[in-house]
2 protein chains.
Amino acid sequence: MATTRTLNKSRQRDAILNYLLPRKDHPTADAIYNAVKEEFPNISLGTVYRNLSLLAELGVIQKISCGDNSEHFDGNPKPHNHFICSECYSVIDLEMENIDFIDTLAATNFNGKISGHNIYFYGKCPNCLKKETN
Amino acid sequence: MATTRTLNKSRQRDAILNYLLPRKDHPTADAIYNAVKEEFPNISLGTVYRNLSLLAELGVIQKISCGDNSEHFDGNPKPHNHFICSECYSVIDLEMENIDFIDTLAATNFNGKISGHNIYFYGKCPNCLKKETN
DNA sequence: CTGCATGCAAATCTTTTGCATAAGA
DNA sequence: TCTTATGCAAAAGATTTGCATGCAG
């Protein structure tokens with residue numbers, strides 16, 4: 001049988017979500033922990049991790065692996081593309097036209113089933129680019 | 001001044017590289033460690049990590065973050081796209097036509113400098129797909 | 001009440017690092 | 001002999017987990 005998951009209301013989970021949803025950057029669990037701690041001084045890192053995992057599983061938020069050895073979280077669950085700065089590892093949403101047709105291109109000569117993709121563009125972010133010009 | 005790096009020959013590094021280069025899968029550092037240990041019973045995990053990082057920096061191999069909380073390594077340094085199974089997390093090379101033009105699409109409305117991209121397609125790998133049909 | 005959620009600490013896992021020694025040039 | 005590489009163990013980070021307790025339904 002399928003796992004039945006009944007969610008109780010939780011002030012902590014709400015706070016985590018409220019913090020993350022309006023953000024444009026993509027904080028780590030630890031950053032979220034430190035932010036939410038201002039409202040809930042006793043909240044624990046474990047709770048933050050548990051809720052972030054839960055929310056990601058439910059598809060309410062996204063988990064992003066950008067290669068700096070810690071997961072980042074994105075309050076926007078809809079598929080979209082990211083830019084990761086090779087220098088400072090900041091993660092930025094890219095607003096670009098839909099290119100889902102690449103799934104079809106990828107499916108050629110592949111025996112598995114492709115259901116989507118994540119694209120990480122890389123290079124230098126506006127900030128690092130500016131610093132460099134100095 | 002630029003950092004001058006003089007590489008000595010190293011049997012261990014060669015063994016790591018020889019193990020990785022012909023592979024089609026994308027093992028983790030630990031998997032590589034266990035494999036190379038058969039030839040060098042005394043090799044240490046630290047040495048494996050040090051050499052993998054070094055080789056990745058030199059552009060001889062690639063480091064791949066696929067979201068399972070450990071880095072995978074790809075003996076093919078040339079840009080190409082990967083498929084990651086949502087179920088078993090195996091990482092598979094995709095052979096598909098070049099779609100580098102998406103960099104240009106992504107650069108629209110973006111103030112940073114885009115120098116490339118990594119695409120991770122996801123879905124079910126041939127193996128998991130087969131099991132499911134049973 | 002009954003079960004889900006939390007806080008806390010300990011445990012895991014992955015990766016990095018310091019240091020004394022070994023190997024390469 | 002001088003520098004780079006290694007092995008080992010400890011350290012550092014990130015994430016997970018066990019458990020007793022607290023809160024929601």
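Given the structure is predicted, the values throughout are model-derived calculations rather than measurements. Letters A, B, ... are given to chains in the order of the sequence lines, protein chains preceding strands, and every chain is numbered from 1.
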*What orientation do His82(B) and His26(B) show, parallel under 30°, tilted 30 to 60°, or perpendicular over 60°?*
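The arrangement is perpendicular - the two ring planes meet at more than 60°.
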
*Give me the ring orientation class for Phe110(A) and Phe83(B): parallel if the planes are under 30° apart, tilted from 30 to 60°, perpendicular past 60°.*
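If you compare the ring of Phe110(A) with that of Phe83(B), the planes turn out tilted.
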
Quick one: label [X] by what it contacts on the DNA or RNA (base, sugar-phosphate, nothing), any heavy atom closer than 4.0 Å.
X	result
Asn69(A)	sugar-phosphate
Ile43(A)	sugar-phosphate
Leu7(A)	sugar-phosphate
Arg50(A)	base
Asn51(B)	sugar-phosphate

_I want to confirm an ordering. Mapping Pro41(A) and Ala29(B) to their closest nucleotides on DNA chain C, which one lands closer to the 5' end?_
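Going by which nucleotide is closer to the 5' end, it is Pro41(A).
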
_So does Val48(B) get a backbone contact from the side chain of Gln12(B), meaning a donor-acceptor N/O pair under 3.5 Å?_
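Not confirmed, Gln12(B) side chain does not pair with Val48(B) backbone.
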
Within the structure, does a side-chain N or O atom of [X] lie under 4.0 Å from either OP1 or OP2 of [N]?
X	N	answer
Thr6(B)	dA25(C)	no
Tyr49(A)	dT15(D)	yes
Arg13(B)	dA5(D)	yes
Ser10(A)	dT6(C)	yes
Gln12(B)	dG7(D)	yes

*Mind calculating the distance between CG (Leu58(A)) and C1' (dA5(C)) to the nearest angstrom?*
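Atom-to-atom, Leu58(A) to dA5(C), this comes out as 14 Å.
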
_Just the rounded figure in Å: distance from P of dT15(D) to CG of Asp68(B)._
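Distance check: Asp68(B) CG to dT15(D) P gives 13 Å.
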
*Using the side-chain hydrogen bond (donor to acceptor under 3.5 Å, both in side chains) rule, take His117(A) and Asn81(B) through it: C-alpha gap first, then chi angles, then the decisive distance, then the call.*
CA-CA 10 Å; His117(A) 61 254; Asn81(B) 303 317; over 6 Å; no

